[in-house]
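Notes to accompany the following structure.
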Amino acid sequence: MEKVIFFCVFSCWIMQITSSDLSGSSDVRVQMGEDITLTCSMRNRYEVAWYHLRSEELVLLISAEKDKNGRKLLTNYNPNSNRMNITADSWVTRVSLTISGVTESDSGLYFCGTKSDAPEMHFDKPIRLEIEEPKPEVEIPDEVTVTERVLMFGGVGLAVFVFFLTTVIAGGIIYHRGQQKGWKAAKQEALIS
C-alpha cells in the first residue's frame with residue numbers, strides 16, 4: 001500500500017515537472033556510444049534510487065542502500081547491470097550512476113531519489129540527458145595528389161626563381177655602385193695629378 005501511494009504521489013509530481021518548462025533541470029549532452037556519469041547527494045540518507053522518464057514512462061533503473069555501518073553502498077535492484085553501475089564516494093555522501101555505451105533510448109529525464117527515516121523520498125533536480133550523433137571523421141588520404149605536387153614544386157620553383165632574381169639584381173646594384181665609385185676615384189686622381 002505504501003508503494004502504491006508513493007507511486008501515485010511521485011507520478012503526479014513527475015507530470016507537473018514534465019508539463020512545466022523544466023528550467024530547474026540540468027542538461028547533459030553526450031555522444032552515442034560514450035559513457036556518462038550522473039551524480040547526486042546522499043548526505044544524511046540511507047537509500048537511493050535512480051529513475052528514468054522517457055516518453056511518459058517512468059522506469060526504476062537501479063536502487064541501493066547503505067550497509068549497517070553506513071560506509072558501503074549495497075545494490076538492491078539493477079536489471080541492467082551490464083550497462084549501469086552505481087558507486088559512492090568513501091563517506092557515501094555522493095552517489096554516481098554510470099551508464100556505459102549510451103544509446104538513443106537512454107535520452108530523457110533522470111531523477112535521483114534518496115530516502116532517510118521519513119517515509120517519503122527526496123529528489124534532486126532532474127537531469128535531462130540528450131544523445132548526439134557522433135561527428136563524422138574526416139578522412140585524410142595518405143598519398144599526395146598530382147595537384148598537390150604541382151602546387152608544392154611550383155611553390156618551391158617560384159621561391160628559387162625569386163631568390164635567383166633577387167641575387168642577380170642585388171649583384172647588379174653592387175657592381176654598378178662599385179663602378180661609379182671607381183670612376184669618381186679615377187677622376188679625383190686625375191684632378192690631383
Side-chain angles (χ1 to χ4, degrees), residues 1-140:
M1 181 66 176
E2 181 181 295
K3 289 184 180 186
V4 172
I5 293 172
F6 165 74
F7 182 75
C8 290
V9 169
F10 185 71
S11 296
C12 203
W13 181 72
I14 292 295
M15 296 316 262
Q16 289 173 349
I17 287 177
T18 55
S19 63
S20 69
D21 65 340
L22 281 172
S23 60
S25 68
S26 300
D27 290 350
V28 177
R29 289 182 174 80
V30 66
Q31 287 191 359
M32 195 173 311
E34 290 184 342
D35 297 347
I36 185 77
T37 302
L38 309 174
T39 61
C40 77
S41 174
M42 196 173 163
R43 190 176 304 272
N44 300 324
R45 309 278 187 224
Y46 70 87
E47 192 176 329
V48 64
W50 279 95
Y51 295 90
H52 180 215
L53 177 67
R54 180 187 164 104
S55 302
E56 298 184 19
E57 181 183 359
L58 183 66
V59 178
L60 172 63
L61 298 175
I62 193 167
S63 67
E65 63 182 320
K66 291 181 183 179
D67 66 355
K68 291 180 183 180
N69 298 327
R71 299 285 182 177
K72 192 174 179 185
L73 197 62
L74 306 171
T75 304
N76 296 336
Y77 177 78
N78 186 3
N80 300 310
S81 59
N82 56 338
R83 290 190 57 236
M84 296 186 185
N85 186 23
I86 192 167
T87 56
D89 61 3
S90 57
W91 293 98
V92 193
T93 57
R94 298 229 27 104
V95 178
S96 301
L97 169 68
T98 303
I99 305 171
S100 302
V102 296
T103 62
E104 185 64 35
S105 64
D106 293 321
S107 65
L109 288 174
Y110 286 80
F111 298 91
C112 174
T114 56
K115 194 172 181 182
S116 60
D117 294 330
E120 69 272 353
M121 195 165 250
H122 300 274
F123 291 91
D124 275 358
K125 286 191 315 186
I127 301 170
R128 180 187 302 275
L129 182 62
E130 295 178 11
I131 311 300
E132 297 175 342
E133 291 291 325
K135 295 175 184 163
E137 292 185 21
V138 177
E139 207 172 298
I140 300 172

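Residue numbers count from 1 along this sequence. What you see is a predicted model, and the numbers here were worked out from it, not measured in a lab.
Counting only residues at least two apart or on different chains, no salt bridge (charged side-chain N to carboxylate O under 4.0 Å, His left out) pair has a member in residues 34-45. The disulfide bond (SG atoms under 2.5 Å apart) pairs that include a residue from residues 68-128 are Cys40-Cys112, where partners are two or more places apart or lie in different chains. Applying the disulfide bond (SG atoms under 2.5 Å apart) test to pairs two or more places apart or on separate chains, none has a residue in residues 77-109.
To the nearest 0.5 angstrom, Thr103 atom OG1 is 7.5 Å from Met32 atom CE. Note: His52 NE2 to Phe111 CZ = 9.5 Å, rounded to the nearest 0.5 Å. Atom CG of Asn44 sits about 10.0 Å away from atom OG1 of Thr114, to the nearest 0.5 Å. Here the NE2-CG distance, from His122 to Asp124, works out to 11.0 Å after rounding to the nearest 0.5 Å. One distance of note links NZ of Lys115 with CD of Glu120; it measures 9.0 Å at 0.5 Å rounding. A distance of 11.5 Å separates OG in Ser26 from CG in Leu129, rounded to the nearest 0.5 Å.
Within 6.0 Å of CD on Glu104 lie more than 12 heavy atoms contributed by other residues, nucleotides or ligands.
Take Asn76 and apply the side chain to side chain contact (heavy atoms under 4.5 Å, CB included) test, not counting sequence neighbours, and it matches Ser63, Glu65. A search for side chain to side chain donor-acceptor pair (under 3.5 Å) contacts involving Ser107 returns Arg54, not counting sequence neighbours. Residues meeting the salt bridge (charged side-chain N to carboxylate O under 4.0 Å, His left out) test with Arg29, sequence neighbours left out: Glu130, Glu132.
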* To do: Walk me through it: do Tyr51 and Met121 pass the test side chain to side chain contact (heavy atoms under 4.5 Å, CB included)?
  => CA-CA 12 Å; Tyr51 295 90; Met121 195 165 250; 4.1 Å; yes
* Show the numbers, then the answer: is there a side chain to side chain contact (heavy atoms under 4.5 Å, CB included) between Val95 and Leu73? => CA-CA 9 Å; Val95 178; Leu73 197 62; 4.1 Å; yes
* Asked: Given Ser41 and Arg94, is the side chain to side chain contact (heavy atoms under 4.5 Å, CB included) satisfied, shown in steps?
  -> CA-CA 5 Å; Ser41 174; Arg94 298 229 27 104; 3.6 Å; yes
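Counting heavy atoms from C-beta outward, Ile99 and Trp50 have side chains that stay 4.5 Å or more apart. The closest side-chain heavy-atom distance from Val92 to Tyr46 is not below 4.5 Å. Counting heavy atoms from C-beta outward, Thr93 and Met42 have side chains that stay 4.5 Å or more apart. Looking at Tyr110 and Val28, their side chains never come closer than 4.5 Å, going by heavy atoms from C-beta outward.
Of all the heavy atoms in Val102 and Gln31, the pair that sits closest is CG2-O, 3.5 Å. Counting all heavy atoms, side chain and backbone alike, Ser96 lies closest to Thr37 at CB-CG2, 3.6 Å.
Only one option out of Asn85, Val48, Ile62, Ile127 pairs with Leu97 in a side-chain contact (heavy atoms from CB on, under 4.5 Å); it is Ile62.
The backbone N or O of Ser100 sits less than 3.5 Å from a side-chain atom of Arg83, completing a donor-acceptor pair.
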